[in-house]
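Here the structure comes first, spelled out in structure tokens, and everything after it is commentary.
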Protein chains: 2
Amino acid sequence: MKETKLGDFEEVLLLLVGILDKEAYAFKIAEKFESQTERAVSIGAVHSTLNRLSEKGFLKSAMGESTAERGGRRKRIYTITAAGEKALQDSRDFKMSLWNQYPSFAGNLKFNF
Amino acid sequence: MKETKLGDFEEVLLLLVGILDKEAYAFKIAEKFESQTERAVSIGAVHSTLNRLSEKGFLKSAMGESTAERGGRRKRIYTITAAGEKALQDSRDFKMSLWNQYPSFAGNLKFNF
DNA sequence: TATATGTTCTACTTTTTAGTAAGAAATATT
DNA sequence: AATATTTCTTACTAAAAAGTAGAACATATA
């Protein structure tokens with residue numbers, strides 16, 4: 001009986017990229033993840049997941065400009081591809097459909113398509 | 001670049017158990033999975049996932065009565081535990097919160113808590 | 001110049017999740 | 001009695017996801 005997470009880290013990261021928009025670079029993503037989750041992540045885990053997501057074609061990325069701040073190394077900014085968007089959409093639709101069929105949940109949400 | 005699924009098979013199975021209620025036994029679950037997903041599953045994969053879910057304390061199960069049908073072996077009926085219910089609830093809340101923050105999705109759903 | 005800060009990168013290991021294979025129990029039909 | 005069907009079970013393998021470690025780069029501050 002192990003520690004428990006029904007984890008779909010990738011999906012969460014993908015969503016965070018969408019949420020952060022222009023600010024979607026690994027460190028910020030990790031920060032956001034922690035603030036939204038109370039779960040710690042290592043930056044390396046974020047990087048490797050971001051890579052995996054890119055290999056799958058769900059994210060693309062490009063280097064931004066280096067900023068004139070202390071430590072201002074150039075950031076790699078991630079954006080969701082069309083395929084990523086679709087994957088997210090599909091996953092959401094599917095989940096919602098299941099939730100809707102489960103009596104314990106069906107009451108407290110509504111759609112409008 | 002691999003075949004693509006942001007898969008969280010366990011969560012889906014857990015939900016299917018909730019949806020199927022008294023009918024939640026492995027074969028039926030597999031069937032339901034296929035009908036809702038268009039993805040094939042092997043019954044073995046379902047069994048091992050159901051086991052994992054039970055070890056984690058999200059499901060419990062008991063043998064039902066054998067029915068008087070051809071091949072009517074006794075079925076193991078699964079039910080969601082309180083912990084399972086909570087895990088599902090948490091996962092849903094978290095996802096919804098993320099979706100709500102992502103501009104591409106934020107428009108087309110509403111809550112009422 | 002040395003150090004701190006913010007950040008990326010890659011190769012690797014571990015853990016978890018998913019899937020396979022083979023067998024067996026219970027019942028119905030032939 | 002033999003066979004077909006529906007179902008469960010277990011031990012195992014494979015694949016995917018998550019996490020670690022360590023190094024490096026660019027800039028600012030001391």
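Letters go in sequence order (proteins before strands), and every chain restarts at 1. Keep in mind that this is a model prediction, so the values were computed, not measured.
Distance from the side chain of A/Met63 is smallest to C/dC9 among D/dA17, C/dA18, C/dC9.
The stretch residues 75-85 of chain A touches DNA chain C through A/Lys75, A/Arg76, each having a heavy atom under 4.0 angstrom from the strand. Contacts between residues 16-27 of chain B and DNA chain D, defined by a heavy-atom separation below 4.0 Å, involve B/Tyr25, B/Ala26, B/Phe27, listed by number.
The two residues B/Gly64 and B/Arg74 have their closest heavy-atom pair at O-NE, 2.9 Å.
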Quick one: side chains of residues 15-34 of chain B, donor-acceptor pairs under 3.5 Å with protein atoms, not counting sequence neighbours, listed by atom name and distance.
unit_1	atom_1	unit_2	atom_2	d
B/Glu34	OE2	B/Val41	N	2.8

Would you give me the side-chain donor-acceptor pairs under 3.5 Å for residues 76-84 of chain A, sequence neighbours excluded?
unit_1	atom_1	unit_2	atom_2	d
A/Arg76	NH1	A/Ser61	OG	3.0
A/Thr81	OG1	A/Gly57	O	2.6
A/Thr81	OG1	A/Phe58	O	3.2
A/Thr81	OG1	A/Ala83	N	3.4
A/Thr81	OG1	A/Gly84	N	3.0

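In this entry the distance linking CD of B/Glu11 with P of C/dA18 reads 11 Å, nearest Å. Protein atom CG of A/Asn51 is 7 Å distant from nucleotide atom P of C/dT10, rounded to whole Å. Remark: C1' of D/dA11 and CG of B/Leu50 are 17 Å apart, rounded to the nearest angstrom. Across the protein-nucleic acid pair, B/Glu31 atom CD and D/dC8 atom C1' stand 15 Å apart, rounded to whole Å. As rounded to whole Å, 13 Å separates atom P of D/dT20 from atom CZ of A/Arg52.
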How does protein contact run along nucleotides 20-30 of chain C, one letter per nucleotide 5' to 3', with B for base contact, S for sugar-phosphate only, - for none, heavy atoms under 4.0 Å?
-> B---BBBBSS-
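Qualifying side-chain hydrogen bond (donor to acceptor under 3.5 Å, both in side chains) partners for B/Lys86, counting only residues two or more places apart in sequence or in other chains: B/Asp90.
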